[in-house]
There are 2 protein chains.
Amino acid sequence: MPRKKPLPTKERIIDVAGDIFGKNGFKAATIRQIATAAQANLAAVNYHFRDKEGLYRAVLEDTFSKGFHRFPYRKNPEESNAPDQQLHSFIRAMFHRFLNNEGWGGISGRGKLIAREFFEPTPAFEPIVDTYIKPHKEILVSIISDLSRGKAGMDKILPCAISIIGQCVYYTFAAPVIQRIAKEFLPTQENIDLLADHVFWFSLGGIQQINTRPVDKKTPIVLNTLQEKHP
Amino acid sequence: MPRKKPLPTKERIIDVAGDIFGKNGFKAATIRQIATAAQANLAAVNYHFRDKEGLYRAVLEDTFSKGFHRFPYRKNPEESNAPDQQLHSFIRAMFHRFLNNEGWGGISGRGKLIAREFFEPTPAFEPIVDTYIKPHKEILVSIISDLSRGKAGMDKILPCAISIIGQCVYYTFAAPVIQRIAKEFLPTQENIDLLADHVFWFSLGGIQQINTRPVDKKTPIVLNTLQEKHP
DNA sequence: GCTATTTTCAAACAAATGTTTTATTCGTTT
DNA sequence: AAACGAATAAAACATTTGTTTGAAAATAGC
């Protein structure tokens, strides 16, 4: 009869709590709000998750688990194994995970929840880093290392990795600012390829520049050359 | 006698509120906490700022005003006017504004306050965007345009600008993640030059790549070339 | 079909918090 | 010196909110 309740209460609460924690943050979200939206009783949260923080932990684990499961970060052996193709796939997968509605759905979905953990992590984020973030970073490091044919040390690889992830994260989560500056590059599901292509090419140039510039040289060289082309 | 009160109550509250709003967020920060830390009476906040939100608006305006005043974004006509030097200065100024203790002091200072407004802006952020962010972006756009000798359209300039600002923002605010991945690139006052140099070179290569790659080409070209150097 | 366990529900509790009120103090002006 | 307004102080008010409680209902196991 009640076909509006296909999921058991516990999972319904996790689902709804993801939205509400995302929209309002941990402190501002209220258990009453969540219970009401999940069509559950107020005490159900404390019953199933012990307390508000227990619910939050469950939401976070559920979010990352589903996001990385739907859009995995492992190298795809069926693809061309050229490292530049691998980088392109990596960036595309990241944007899909962030923006696709089957993933985290951008800042109107679970995005803000994740952004907050990036910038002001709670204790609940600790296991997430070990389980998901670190292996994810290792893949990227390995791709960048391949791109430099194994010649670059970690002192060059790591900042490049941060620059790449930083672009993806910023493009995704800074939507409110981007909307006022460059509407055509808004982080939406439709723009995933556009964004991924840009970040890919920009980063490819960046990695190349980092790998080719002379050490401890203080002045730019490549673009000076470019300028001198048209004096 | 009370030499511990060099500032009038109103400004003392703004100062302390900046720290506490930054550390805890708007909702979690309490007026009692702020009043106590500012050695002011509980009612002082409502008296001087009408309500909690009024105080928050004052804090935000004060933060951006001081940050941009201490580390301005205007082109410095005394510097070399080579666009690559301008880009370097722009990035350095941005990192100083973000990280320097005379600026926003990173995420242990006012950084988190600003990060939150970037990713989930409140109504109080509206005037800030018009007064500070938009002109700031225009400077960067003009520099990138100069870098491409006026040949690039906004469809190429804007995403490059976002990529550059994104790196700076991410490097600054993702400190908790960076700490677990690349400790030597932590966003601290001492690392400003290191970070600025990396973002500068990386972005210079990125801009160059965006400007030189053939339109609508789907496969990477530059790094393939690089690879073929060592077959 | 009955019992034991799990889950749901309504109500109440206790703590925290933004705001208001009223009185007092302090500095300036008349 | 008196008077006025601004600023400070202490207390109380009205909500909100996380959590607990005890009973009812539903479910599972035998």
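This structure is a prediction, so every number in the text was calculated from the model and none was measured. The chains referred to below are lettered A, B, ... by the order of the sequence lines, with proteins before strands, and numbering in each begins at 1.
- The side-chain contact (heavy atoms from CB on, under 4.5 Å) test applied to Val59(B) returns Ile14(B), Ala17(B), Phe21(B), Leu55(B), Thr63(B), Leu113(B), not counting sequence neighbours.
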**Message:** Strictly under 4.0 angstrom, non-hydrogen atoms only: write out the protein contact profile of nucleotides 17-23 of chain D, one letter per nucleotide from the 5' end, B, S or -.
**Reply:** BBBBB--
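- The side chain of His48(A) places an N or O atom within less than 4.0 Å of a non-bridging phosphate oxygen (OP1 or OP2) of dT8(C).
- Taking the six-membered ring for Trp and the full ring otherwise, Tyr132(B) and His69(B) have centroids separated by 6.0 Å or more.
- Separating the CZ atom of Phe49(B) from the P atom of dG18(C) is a distance of 15 Å, rounded to the nearest angstrom.
- Rounded to an integer number of Å, the gap from Tyr56(B) OH to dG18(C) P is 15 Å.
- Pairs of residues two or more places apart, or lying in two chains, that qualify as side-chain hydrogen bond (donor to acceptor under 3.5 Å, both in side chains) and include a residue from residues 170-183 of chain A are Arg180(A)-Glu126(B).
- By the ring pair (Phe, Tyr, Trp, His ring centres under 6.0 Å) test, Phe118(B) is found to be paired with no residue, residues two or more places apart in sequence or in another chain being considered.
- One atom, CD of Gln39(A), and another, C1' of dT8(C), lie 14 Å apart when rounded to the nearest Å.
- Judged as a side-chain hydrogen bond (donor to acceptor under 3.5 Å, both in side chains), and not counting sequence neighbours, the contacts of Thr188(B) are Glu190(B).
- If you take CG of Asn41(B) and P of dA23(C), they are 16 Å apart, rounded to a whole angstrom.
- Side-chain atoms of Tyr47(A) lie closest to dT7(C) of the nucleotides dT7(C), dA10(C), dA6(D).
- Partners of Phe185(B) according to the ring pair (Phe, Tyr, Trp, His ring centres under 6.0 Å) rule, which considers only residues two or more places apart in sequence or in another chain, do not exist here.
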